[in-house]
2 protein chains.
Amino acid sequence: MSQRKAPADAGRATIRDVAERAGVSVASVSRVLSGNYPVSDDLRRRVMKVVQDLDYVTNAHARSLAGGGTPTVAILINNITGAAFAHVAQGVEGAASLRGWLSLVGTTGDDPERELALVNLMRQQGVAAVVLLGGAYDFDEYQLRMGRFARSLDAAGSHLVLVGRPPLEGDVPATTVDYDNGGGAYAMASHLLSVGHRRVLVLPGPADLTTAQDRLSGAQRAFEAYGVPFDPGMVRHGSYDYRHGYDAVEASLREGVDFTAVLAGTDVVAAGAMQALRAAGLRVPEDVSIVGYDDIPLASQLTPQLTTVHVPYEEMGRVALRAVADRREAGPGRRRGSDGDHLVLGTHVVVRHSVQPPAQPA
Amino acid sequence: MSQRKAPADAGRATIRDVAERAGVSVASVSRVLSGNYPVSDDLRRRVMKVVQDLDYVTNAHARSLAGGGTPTVAILINNITGAAFAHVAQGVEGAASLRGWLSLVGTTGDDPERELALVNLMRQQGVAAVVLLGGAYDFDEYQLRMGRFARSLDAAGSHLVLVGRPPLEGDVPATTVDYDNGGGAYAMASHLLSVGHRRVLVLPGPADLTTAQDRLSGAQRAFEAYGVPFDPGMVRHGSYDYRHGYDAVEASLREGVDFTAVLAGTDVVAAGAMQALRAAGLRVPEDVSIVGYDDIPLASQLTPQLTTVHVPYEEMGRVALRAVADRREAGPGRRRGSDGDHLVLGTHVVVRHSVQPPAQPA
DNA sequence: TTGAAAGCGTTACCAC
DNA sequence: GTGGTAACGCTTTCAA
């Protein structure tokens, strides 16, 4: 009996400490704190007083175990550092905390092992949803992998949400929030073509990244639409970073490649390209035009400000969270389609100052 | 008896489902999974088989309740979107996952109410530590507030870590990981002065933000050291963003303020300043030199690349996590100093291409 | 309106 | 080695 651990001695105070000290039952304390049950004013006052005195907060783990608990979303990303991520995360986190939800963040570092470990970890945490961010490699393996994740999560009462990734094929319990990637690239390339560019250097990104593939094919479609032959030799794949933009342009210049514009797969790549052009004594946009993709803050901080494709990252985050919240309210079994949802948001070209008709028409 | 819920029917499978199906005791399953206890190979095989079949993962909440559990760090920030944050978060998250710890993220949006709510929420979650990021306003209130947080957290077996914020005064159970803010500003201003600049426009940031105050006073010290009178009229406070950099320079130019260099409180502010200079037909650094602070990726992506002060954000994150991990291993009661720790990392100037001696010596 | 007690899923201690 | 089983802190019927 007296072997029970000392009241508020070690560790945090428990609901029992509060109950004893307030001279009421544990159940009553729980009711007062949950607020979803009628209690007398007197009781409420007594309990709250003690809660203040003890600086008591509920143990979230115990609460979850017993049924209650704050819903939590997990955001998994390759690299926290990307600006695009930050905005999606902001969207998710904002929408989450608006509803009193919590957000967890994990980084995979592009390591499939780690991704799996994280998904399982999140499953252990009993998160309401796992949001996976960013493009994917290797389509087939990806489909298999995500299918497994989706089912595992679903079986555990959670849900998989893919943001900015290809939707899953077949009957898989997952939600995809996507943007019109190809459409944006199409529009961006069209913009370049419409002002007269014909020889454009294309830096789509990693060859095996779905996002990059979509952007490239969107651009190709634009060339076709304009009846301009698309020269595969003008395409240079590489990672989505500043370095690649710089190196690709520098190399092209060195090799004497003839181009009047650069279509970068990312604003950051565009920034690198711009720098390389400058280093070679070329002016932007007088000598060479440049366009990016993403419309992160950097785009408008460059000189000249970058014409690019706006991707509604933050909204995607909000939409993703809303999707899982709605689904959760709808209750189990009331899934939209058996194959999950696929939401796609629009993109649009933001015209700034990095494009100009080519000096000497090709 | 048979009223027990159906095995792996609703929700996720439990350890009991695994035990039954494997024909062993719950305790054995726990042992196999924890791995911290001798078990026969046969038992291990049997259990693992079922675990795979059922795609079972332990319930983290139950585990925490029962004693085990994954330590978790909470990172609280005003705004996820800042590049500096991303790097600190990366440092924390990286170091955390290295140790198998989890990271939670919450945004306060500069709202004290929300900050309090989040700290309490984290307390509920039983996090091992709460890491608060970013400068602070209103020094006295800040001290009081943080003191309260520190004690609450400490009483609950958690710990407060302040990163890039002023340390707490007095006997408060908190750890501060700081950087030599004033020193960096001193060095940066000295650099400007040493190449001959005398009339420098200073854009320190928000007047009431401690970070900005430190940077300003550091710069002032440099002026004193160089025997150059510091003109308060050349200081323009404002928020830490692109817009402010742009506006401040534009206004100064319009008002005919005479300056040969601008000392920006942040790389982003510097970017705005640079743009405004360009818009006014001024060249950087030929006509006006510019320096920033932070050394975020943007700094090297601008043209010309920005000379700035490197702040070891990611390392601060790592150090912060290491500090709490160490403290936790050391066990309760084995705190370093009764007033907590105060670690301060160094900063240094990164010379790039945005500074040049003034065209016409003042 | 309030109290008692049965879980929730794990871990860890105590027997065998 | 392995199996019981009492916590862990809370929510939620079920009674009163």
Side-chain angles (χ1 to χ4, degrees), chain A residues 1-47 51 54 56-70 123-126 156-157, chain B residues 1-47 51 54 56-70 123-126 156-157:
Chain A
M1 290 192 174
S2 69
Q3 64 178 332
R4 190 169 294 311
K5 108 173 166 239
D9 175 34
R12 47 207 272 210
T14 74
I15 197 174
R16 209 143 49 205
D17 298 329
V18 176
E20 277 174 23
R21 190 138 158 185
V24 301
S25 77
V26 171
S28 294
V29 176
S30 174
R31 290 184 186 117
V32 169
L33 293 173
S34 305
N36 52 11
Y37 211 83
V39 277
S40 73
D41 273 10
D42 177 53
L43 201 168
R44 160 168 293 110
R45 251 189 299 278
R46 285 235 299 276
V47 170
V51 166
L54 260 42
Y56 168 84
V57 287
T58 326
N59 179 321
H61 298 300
R63 192 211 282 273
S64 303
L65 236 204
T70 315
R123 207 140 60 91
Q124 295 181 18
Q125 301 292 320
Chain B
M1 291 188 175
S2 70
Q3 62 178 332
R4 191 171 293 310
K5 110 173 166 239
D9 175 32
R12 47 209 272 209
T14 74
I15 198 175
R16 209 142 51 207
D17 297 330
V18 177
E20 278 174 22
R21 191 139 156 182
V24 301
S25 78
V26 173
S28 295
V29 177
S30 176
R31 288 185 189 117
V32 169
L33 294 174
S34 304
N36 51 12
Y37 211 83
V39 278
S40 71
D41 273 8
D42 177 51
L43 203 172
R44 160 168 294 108
R45 251 191 296 281
R46 285 235 299 277
V47 169
V51 166
L54 259 41
Y56 166 85
V57 286
T58 42
N59 179 322
H61 298 300
R63 190 210 285 270
S64 306
L65 235 204
T70 315
R123 207 140 58 92
Q124 295 182 19
Q125 300 292 320

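Residue numbers start from 1 in every chain, and the chains themselves are labelled A, B, ... in the order their sequence lines are given, proteins ahead of strands.
- Between A:R16 atom CZ and C:dA4 atom C1' the separation is 13 Å, expressed in whole Å.
- Using a 4.0 Å cutoff on non-hydrogen atoms, the parts of residues 39-46 of chain B near DNA chain D are B:V39, B:S40, B:L43, ordered by number.
- Side-chain contact between A:L43 and A:R46 is absent, with no heavy-atom pair separated by less than 4.5 Å.
- One atom, CZ of A:R31, and another, C1' of C:dT1, lie 8 Å apart when rounded to the nearest Å.
- The closest donor-acceptor contact from the side chain of A:R63 to the backbone of A:T70 lies at 3.5 Å or more, if one exists at all.
- Summarising the geometry, the separation between OH on A:Y56 and P on D:dC10 is reported as 3 Å, rounded to the nearest angstrom.
- To the nearest 0.5 Å, atom OG1 of residue A:T58 and atom CD1 of residue A:I15 are 7.0 Å apart.
- Rounded to whole angstrom, the span from the CD atom of B:Q125 across to the C1' atom of D:dG9 amounts to 14 Å.
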Discussion item. Go through it in stages, so that I can follow the logic: the residues are B:V18 and B:V51, the test is side chain to side chain contact (heavy atoms under 4.5 Å, CB included), and I'd like the CA-CA distance, side-chain angles, deciding distance and then a yes or no.
Written reply: CA-CA 7 Å; B:V18 177; B:V51 166; 4.1 Å; yes

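- OP1 and OP2 of C:dT10 both lie 4.0 Å or more from every side-chain N or O belonging to B:T58.
- Residue B:S30 places at least one side-chain N or O closer than 4.0 Å to OP1 or OP2 of C:dT11.
- Using five terminal pairs a side, the axes of the helix from C:dT1-D:dA16 to C:dC16-D:dG1 at its two ends make an angle of 40°, given in steps of 10 degrees.
- Pairing each heavy atom of A:N59 with each of A:R12, the nearest pair is CA-NH2, 3.2 Å.
- Atom P of nucleotide D:dG9 and atom CZ of B:R63 are separated by 18 Å, given to the nearest angstrom.
- The line from NE2 of A:H61 to CD of B:Q125 is 6.0 Å long, rounded to the nearest 0.5 Å.
- Nucleotides of DNA chain D nearest to B:G23 and A:N36 differ in position, and the one nearer the 5' end is that of B:G23.
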Would you give me the side-chain donor-acceptor pairs under 3.5 Å for residues 28-37 of chain B, sequence neighbours excluded?
from	atom 1	to	atom 2	distance (Å)
B:S28	OG	B:S25	OG	3.1
B:S34	OG	B:S30	O	2.8

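- We find the CG-OG1 distance between A:L54 and A:T14 to be 9.0 Å, quoted to the nearest 0.5 Å.
- Between the CG atom of B:D17 and the C1' atom of C:dT10 there is a distance of 13 Å, given to the nearest Å.
- Within the nucleic acid shown, B:V29 has no heavy atom closer than 4.0 Å to any nucleic acid atom.
- Between the side chain of A:R12 and the base of D:dG9, no donor-acceptor pair of N or O atoms lies under 3.5 Å.
- Put simply, A:S25 has a side-chain N or O that comes within less than 4.0 Å of OP1 or OP2 on C:dG3.
- Of the candidates C:dT10, C:dG3, D:dG1, the closest approach to any side-chain atom of B:A66 belongs to C:dT10.
- Here the side chain of B:L65 is nearest to one of C:dA5, D:dC8, D:dG4, namely D:dC8.
- Note: CZ (A:R123) to P (C:dG9) measures 15 Å, nearest angstrom.
- Here the C1' atom of nucleotide C:dT11 and the CD atom of A:Q124 are 14 Å apart, to the nearest Å.
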